[in-house]
**Student:** 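Quick one: structure below, then a few questions.
Residue numbers start from 1 in every chain, and the chains themselves are labelled A, B, ... in the order their sequence lines are given, proteins ahead of strands.
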Amino acid sequence: MILAIVTISLMAGLFGLVLGYTAIRFKVEGNPVVDQIDALLPQTQCGQCTYPGCRPYAEAIAHGEAPINQCPPGGQATIVALADLLDTEVLELNAEHGEHLDVPLVAVIDEQTCIGCTLCIQACPVDAILGSAKHMHTVITDECTGCKLCLPPCPVDCIDMVPTQQTIDDWKWTVPPRQPGLTGDA
Amino acid sequence: MRKLHQFHGGLHLEGHKSESLTRNLRQASLPPRLYLPLRQHIGEHNKPLVDVGNRVLKGHVISASSSLIRAAVHAPTSGTVTAISDYPVAHPSGLKDTCIVIDVDGEDEAAAPVIPDLQQLEAGEIIDLICRSGVVGLGGAAFPSSPKLSRGKMQGIETLIINGVECEPYITCDDMLMRHYAAEILRGVGYLQRILNPQFTLIGIEDNKPEAIAAMTSGLAHAGLAATEIVSIPTIYPSGGEKQLIQILTGREVPHGQLAFDIGLFCQNVGTCVAITRALEQDQPLISRVVTITGDNIREPGNWEVRLGSPVRHLVELAGGYLHGDSSPLVMGGPMMGFSLSGDQVPIVKASNCIMVMREQAMTRRPGYHDECIRCGKCTEVCPAQLLPQQLYWHARAGAFERAQEFHLLDCIECGCCSAVCPSGIPLVQYYRAAKSEIRAAHKVQIKSDRARFRFEFRERRLLLKKQQDEERRRLKREALQKKKIQAGGEVPIADPVQAALERVKARKLAEQEDSQ
C-alpha cells in the first residue's frame with residue numbers, strides 16, 4: 001500500500017517536472033490559432049464582420065465569440081477553410097454582413113472632384129491612398145483591398161468602387177465543358 | 001558515338017514537316033504597320049519608352065522594364081509611332097494587351113551600330129550586351145536570356161546543351177535556321193562557351209533532320225569550338241523538352257523543384273544562339289525571327305524570316321493566302337502544345353515559332369463534350385514527366401488542387417501526350433492548365449493579402465506610436481508650464497480647474513458604470 005503511494009507520488013512528481021520543463025522550453029508566444037485564422041482571412045480590413053480589421057475578427061473567432069461566416073470578401077472559400085482549420089461545421093455566409101463579389105473591387109478617386117481633404121487617407125486601413133492637404137489624392141491600385149472604408153468620409157463623393165479589369169496576367173484557363181447527366185466525380 | 005539515354009514514355013508522331021520544308025527560307029517583306037506588344041517575355045510588364053508621334057529607327061528601344069527578369073522590345077524597322085493602346089495579342093485568352101503601333105516608312109533606316117571589341121569583353125559585359133538586345137529564349141518559353149546566363153555563370157556549368165531538336169510536328173523553323181545559319185549558331189555557341197566555361201558542349205538534333213545535321217557538322221569543322229559535339233538523337237516526342245533532352249544526352253534527371261543549372265547543365269535553343277551572335281557582332285537587337293507557316297489550309301507552306309510585330313495576316317498573304325475561305329482557325333505553336341489564336345490580326349512576337357493554318361480546329365479532337373475516363377492507364381505509359389495523369393485528372397476536375405500538387409501537377413510540362421493517347425478523348429492538359437491557373441491565382445491572392453496584412457499592421461503601429469508621442473509631448477509641455485509658474489509665482493499652483501472638472505466627470509461616469517453593473 002505504502003509502496004504504491006510512494007511510487008505513484010514519485011511518478012507524479014517526475015511527470016510534473018517534465019511537464020514544467022517542457023512548458024518553459026517549448027513555450028509558444030502569442031496564440032498560434034489566431035495567427036492561423038488570420039492567415040486564412042482575406043486581409044481586406046473592411047470591418048464588414050463588425051470587428052475593426054481581420055486580426056480582431058480572428059481573435060474573436062479563436063475565443064469563440066464570433067461565428068466563422070461573417071467575412072463577405074472571403075466568401076464561401078474562406079468559410080470552408082476556417083471550418084477545416086477549426087474542425088467545425090461549414091456555414092452559409094451570413095447575408096447581414098454583405099455579399100461576396102467574384103470580381104474584386106478597387107477604389108478610384110475622381111481627381112477632378114477631389115478637394116484634397118485627406119479624410120479618405122485617414123480612413124484607409126492599408127495606406128493605399130496617396131496625397132496631402134489641399135492636394136489631389138489618388139489610390140495606389142495595387143495596394144487597394146476594396147474595403148470601401150474611404151467612401152463614407154468623402155465630403156464630395158468623388159470615390160467610386162470599380163470592378164478590377166481582367167488582364168492577360170490574371171486570365172485563367174477553364175476546364176472543358178461537362179456533359180450534362182454524367183456522374184462520377186472523384 | 002555518345003551513349004544516349006531514354007526518357008519515360010513519349011510518342012512517335014507523324015512529322016508533317018515536309019510541307020513547310022519544300023521551299024527555302026525566305027525574307028518576309030515589311031507590312032505597312034507593326035504591332036509590338038509591350039511585353040513579349042516571361043516576367044514583369046515593360047513600360048513604353050516612346051510617345052505617339054515619335055519617329056523611331058530600326059533597333060531603337062521602344063519598351064523596357066527595370067525588373068531583374070527583363071527583356072526590352074526594339075523597333076523592328078524605321079517608322080512613326082501612331083498608337084499605344086490595346087490590340088489583340090498572341091495569347092490563349094484572346095484578350096487584348098497594350099501594343100506600340102509603328103507605321104512603317106519603308107526606308108528601314110537603322111540606328112548607327114556600336115560594335116565593341118568582343119575579344120576585350122568580360123563575360124559580364126557580354127551578358128549586359130545580350131540583355132540590352134532584348135534576347136529571350138526562342139524555343140517557345142521566351143525566358144529572358146541574360147538573367148539565365150548570369151545565374152548559370154554563378155552556379156558553374158559542366159555541360160552546355162544546345163537544343164536543335166524541334167520535336168513537335170509541323171514546326172520546321174529551327175531546322176531551316178540550322179540549314180541556313182549554321183555558322184552564326186556556332187559563333188553564338190562560342191559566346192555562350194566564353195560566358196559559361198562548360199567542359200562539354202552538346203548540340204542535340206533529332207535524326208529526322210539530316211540536312212540540318214550535315215550543315216551543322218560541316219559548320220563545326222570550321223568553327224574551332226573546343227569539346228563540342230553534334231549528337232543525332234532518335235525522333236520521339238517530346239525529346240525537345242529541356243528536361244527530356246537533358247535526360248537523353250546525359251542520363252540525368254532535373255530533380256523536382258530545381259532547374260537545369262542547379263545540376264550544372266545549361267540549355268539554350270539554336271534560335272537564341274543566332275540572336276546572341278547578331279546582338280554581339282552586329283549590335284542588332286532581337287527584331288526578327290524565323291516563323292514556320294504551315295497547315296492544310298495555306299497555299300504555300302514554308303519558313304519566313306519575319307520582323308516582330310508583323311500581323312499573322314501579312315504572313316498568310318506572303319504564303320499565298322488561305323486555300324479555302326477568308327479566314328481559318330489558327331494555332332500558334334504546334335499541334336501538341338500550341339494554342340488557338342483569336343484571329344489573323346494578331347502580331348508575331350518573340351515566342352512565335354509556328355503558325356498552323358488548319359481547315360478545322362486542330363486543338364480538340366472531338367469538339368464539345370468528352371467521354372468518361374475508362375482507367376486504361378495509357379496516359380501514364382506515355383507521360384514523359386513520369387506523373388500519374390489519371391490521378392491529376394481526378395483531382396483537377398474535383399478542384400482538389402492541393403491533392404493535385406501532391407501528385408506533382410506543377411511538374412507537368414503540358415506536352416499533350418496524355419491527351420493525344422486518351423481513348424475517351426479527354427483534353428487532359430486543359431484540365432491541368434486550368435488547375436495550374438487556379439493555383440497561381442490563389443498564390444497571387446495570398447501574396448496580396450500578406451501585403452495588406454503587413455501594411456495594416458504597420459499602420460496600426462504607426463498610429464499607436466504617434467499617439468504615444470503626442471501624449472509625451474503634451475506631458476512635457478505641461479511640466480514645462482508648471483515649472484514656469486513655480487518660477488514666476490514662487491508657489492505651487494493649484495490644479496488646473498479644467499483638469500479638475502474632467503476628473504469629476506470621469507469619477508461620476510465610473511460610479512454610474514458600477515451602479516449599472
**Student:** Answer yes or no: does atom CD of A:Gln112 have more than 12 heavy-atom neighbours from other residues, nucleotides or ligands under 6.0 Å?
**Tutor:** no

**Student:** What I'd like to find out is whether the side chain of A:Trp173 reaches to under 4.5 Å of the side chain of B:Pro92, using heavy atoms alone.
**Tutor:** yes

**Student:** If the test is side-chain contact (heavy atoms from CB on, under 4.5 Å), which one of B:Lys448, B:Arg453, B:Glu457 qualifies with A:Gln43?
**Tutor:** B:Arg453

**Student:** Can you sort out the partners of B:His91 under ring-ring contact (aromatic ring centres under 6.0 Å, His included), two or more places apart, ordered by chain and number?
**Tutor:** A:Trp171

**Student:** Using non-hydrogen atoms only, which part of A:Ala39 is less than 4.5 Å away from chain B: side chain, backbone, both, or neither?
**Tutor:** both

**Student:** Would you find more than 12 non-hydrogen atoms of other residues, nucleotides or ligands less than 6.0 Å from B:Leu68 atom CG?
**Tutor:** no

**Student:** Of the non-hydrogen atoms in A:Val175 and B:Tyr431, which two are nearest, and what is the gap between them?
**Tutor:** CG1-CD2, 3.8 Å

**Student:** Could A:Asp127 and B:Arg459 be called an ion pair, given the rule that one side-chain N must be under 4.0 Å from one carboxylate O?
**Tutor:** yes

**Student:** How close do A:Gln166 and B:Leu95 get, counting heavy atoms only, and between which atoms?
**Tutor:** CG-CD1, 3.6 Å

**Student:** Sub-3.5 Å donor-acceptor pair from the side chain of B:Ser93 to the main-chain atoms of A:Ile168, do we have one?
**Tutor:** no

**Student:** For A:Asp169, which of B:Arg39, B:Arg440, B:Lys444 qualifies under salt bridge (Lys or Arg N to Asp or Glu O under 4.0 Å)?
**Tutor:** B:Arg39

**Student:** As an exercise, state the distance from NZ of A:Lys172 to CD1 of B:Ile439, rounded to the nearest 0.5 Å.
**Tutor:** 11.5 Å

**Student:** Which heavy-atom pair separates B:Ser449 from A:Pro42 by the least distance, and what is that distance?
**Tutor:** CB-O, 3.3 Å

**Student:** Which bit of B:Val89 is near chain A, if near means a heavy-atom gap under 4.5 Å: side chain, backbone, both or neither?
**Tutor:** side chain

**Student:** Of the backbone (N, CA, C, O) and the side chain (C-beta and beyond), which part of A:Pro125 lies under 4.5 Å from a heavy atom of chain B, both, or neither?
**Tutor:** both

**Student:** In terms of heavy-atom proximity below 4.5 Å to chain B, should A:Gln122 be classed as side chain, backbone, both, or neither?
**Tutor:** backbone

**Student:** Counting heavy-atom pairs under 4.5 Å with chain B, which one of A:Thr167, A:Asp170, A:Thr145, A:Thr174 comes out on top?
**Tutor:** A:Thr174

**Student:** Measure B:Gln446 against the heavy atoms of chain A and call it side chain, backbone, both or neither at under 4.5 Å.
**Tutor:** side chain

**Student:** Side chain, backbone, both or neither: which part of A:Pro52 has a heavy atom under 4.5 Å from chain B?
**Tutor:** backbone

